[in-house]
Q: 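Dropping the structure in here first, questions after.
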Amino acid sequence: MEPGHWPSEHSDALRDYFRKGMSYAEIGRQINARFGTAYTRNAVIGRAKRLGLVIPEWIASPSIAPYLPGEIPVSPRRAVLPNLNLPPKSAMKPAAPVKLRCVGVQPRLVKLVELEPADCRYPYGGDKEGEEIAFCGHPCEPGSSYCAPHARLTRRSGAASAGVPGPIVLRLVSAA
């Protein structure tokens, strides 16, 4: 049997077992025992999805009766959590204005492909859909990807300056 091909008898068995409310793992075991195949649980899930038999995972029991004509379906989640789509009350309060940190440097707005190894890589733009991203492009601080103003901006205020790391000495203690 070629991978991904399910004979119609196997698909019919999958539909029957699914209607009985069996789990995907159990359906796989039953089909494998009945037809001498080696379908995995994921193969059963994939085939069920292609047959349109998949139900959302959050529904506890796969043996749900279909709705009657004219009946308005209410999802089990909606019945338990009626305020599911409402934002939390904390989101309804106006946010406090945030003071943005800025630096007094006029960026060169260099494209990524035009950046030199010693150019500042602080990004500008890209906030809006389709807006290009450019980079500062001023000379970098030694041991940093940013120029001096942007290096200060990217560090946490009050944090100790990382500076350029010194040489690391490693000593072999014992050989195996």
Side-chain angles (χ1 to χ4, degrees), residues 2-6 23-25 27-28 38-62 64 73-176:
E2 63 187 51
H5 174 72
W6 282 55
S23 71
Y24 293 119
I27 291 171
Y39 294 127
T40 63
R41 175 183 165 272
N42 286 337
V44 173
I45 292 171
R47 184 62 182 168
K49 186 181 276 190
R50 286 187 295 281
L51 293 173
L53 300 176
V54 176
I55 56 173
E57 291 179 19
W58 48 266
I59 296 179
S61 172
I64 294 178
V74 176
S75 76
R77 262 190 164 174
R78 177 65 63 202
V80 175
L81 303 168
N83 298 327
L84 185 65
N85 290 335
L86 295 179
K89 290 185 181 184
S90 61
M92 302 303 279
K93 298 175 189 170
V98 177
K99 185 175 187 257
L100 299 176
R101 301 185 305 166
C102 344
V103 294
V105 63
Q106 181 65 37
R108 290 179 39 219
L109 301 178
V110 179
K111 293 182 180 180
L112 179 64
V113 294
E114 298 169 355
L115 273 175
E116 297 295 327
D119 287 345
C120 177
R121 280 154 170 61
Y122 193 85
Y124 283 89
D127 297 328
K128 297 178 185 130
E129 184 70 32
E131 184 180 12
E132 288 189 24
I133 298 175
F135 298 87
C136 172
H138 286 289
C140 290
E141 285 280 289
S144 175
S145 296
Y146 304 111
C147 62
H150 286 128
R152 284 191 298 277
L153 183 64
T154 58
R155 291 191 196 106
R156 290 186 189 141
S157 59
S161 176
V164 180
I168 298 173
V169 179
L170 300 177
R171 186 175 68 152
L172 183 61
V173 179
S174 64

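Note that this is a predicted model, so its numbers are computed, not measured. Worth knowing before you read on, the calculation uses all heavy atoms, side chains too, and leaves out hydrogens, waters and symmetry mates.
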Q: For residues 105-117, run the donor-acceptor check on the side chains, cut-off 3.5 Å, and write out each pair with its distance to 0.1 Å, sequence neighbours left out.
A:
residue: R108; atom: NH1; partner: G137; partner atom: O; Å: 2.3

Q: Taking all heavy atoms of L53 and all of Y24, pick out the closest pair and write down the distance.
A: O-OH, 4.1 Å
Q: So, R47 side chain and I45 main chain: donor-acceptor pair closer than 3.5 Å or not?
A: no
Q: Can you name the side chain to side chain contact (heavy atoms under 4.5 Å, CB included) partners of A25, sequence neighbours left out?
A: S23, R29, R41
Q: Less than 4.5 Å apart, any side-chain heavy atom of T154 and any of Y122?
A: yes
Q: Quick one: which residue pairs count as a side-chain hydrogen bond (donor to acceptor under 3.5 Å, both in side chains) with a foot in residues 141-151, not counting sequence neighbours?
A: Y124-H150
Q: If the condition is side chain to side chain contact (heavy atoms under 4.5 Å, CB included), which residues does P123 pass it with, not counting sequence neighbours?
A: I133, F135
Q: For E131, which residues count as a side chain to side chain contact (heavy atoms under 4.5 Å, CB included) partner, sequence neighbours excluded?
A: D127, K128
Q: Looking only at non-hydrogen atoms, find the nearest pair between C120 and C147 and report the distance.
A: SG-N, 3.2 Å
